[in-house]
Amino acid sequence: MTDRIQSVVVAALDEINASRAEKIPTDDVLGLCLYGDAGVFESMYLVAFLSLLEENIEDEFGAEISLTSEKAVSLRVSPFSSVRRLIGFIEGELELVGVRG
């Protein structure tokens, strides 16, 4: 399931890149920092990216999850600190709603 989630994340980043002058690098996507001091997104753009990602996840997995829930934003280690952490968070959320591998 991790590879499928990574593909959905990369597709969302590619979609975002299509409308950006300054492209988000996706060569080392797992280590990419999404938000924070070294992040590629400011808060408004992060929300737009997460919204797009939620739609793409629903299309790919047939399940609705929230990436901006209180749970996501209150974790000690933010799921937005890197794509690797975001993928792990998404995987956990999908498992909670019954989506397996």
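Keep in mind that this is a model prediction, so the values were computed, not measured. Counting from 1, the numbers follow the sequence of the chain as shown. What's counted below: heavy atoms across the whole structure, side chains too, no hydrogens, waters or symmetry copies.
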**Distance-minimising heavy-atom pair for K23 and R20** =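 So the minimum-distance heavy-atom pair works out to NZ-O, 2.5 Å.
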
**Prompt:** How long is the gap from CG on D28 to CG on L30, to the nearest 0.5 Å?
**Reply:**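 Output value for this atom pair is 7.0 Å.
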
**Item:** Distance in Å, E60 CD paired with R4 CZ, rounded so as to fall on 0.5 Å steps
**Value:**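 One gets 4.5 Å once the value is rounded to the nearest 0.5 Å.
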
Would you be so kind as to tabulate the donor-acceptor pairs closer than 3.5 Å made by side chains of residues 73-94, with sequence neighbours excluded?
residue	atom	partner	partner atom	Å
S74	OG	E70	O	2.8
S74	OG	K71	O	3.3
S78	OG	F80	N	3.0
S81	OG	S78	O	2.9
S81	OG	R85	NE	3.4
S82	OG	R84	N	3.4
S82	OG	R85	N	3.1
E91	OE1	T2	OG1	3.2
E91	OE2	T2	OG1	3.1
E93	OE2	K71	NZ	2.6

Without placing hydrogens or testing angles, list every side-chain donor-acceptor pair under 3.5 Å for residues 5-17, not counting sequence neighbours.
residue	atom	partner	partner atom	Å
S7	OG	D3	O	3.1
N17	OD1	I24	N	2.6
N17	ND2	I24	O	2.9

For residues 37-55, run the donor-acceptor check on the side chains, cut-off 3.5 Å, and write out each pair with its distance to 0.1 Å, sequence neighbours left out.
residue	atom	partner	partner atom	Å
E54	OE2	L67	N	2.6

**Request:** Could you tell me whether E64 atom CD has more than 12 heavy atoms of other residues or ligands within 6.0 Å of it?
**Result:**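 No, because the 6.0 Å sphere around CD of E64 holds 12 heavy atoms or fewer from other groups.
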
**From CA spacing to verdict: side-chain contact (heavy atoms from CB on, under 4.5 Å), M1, V99** = CA-CA 9 Å; M1 179 162 42; V99 176; 4.1 Å; yes

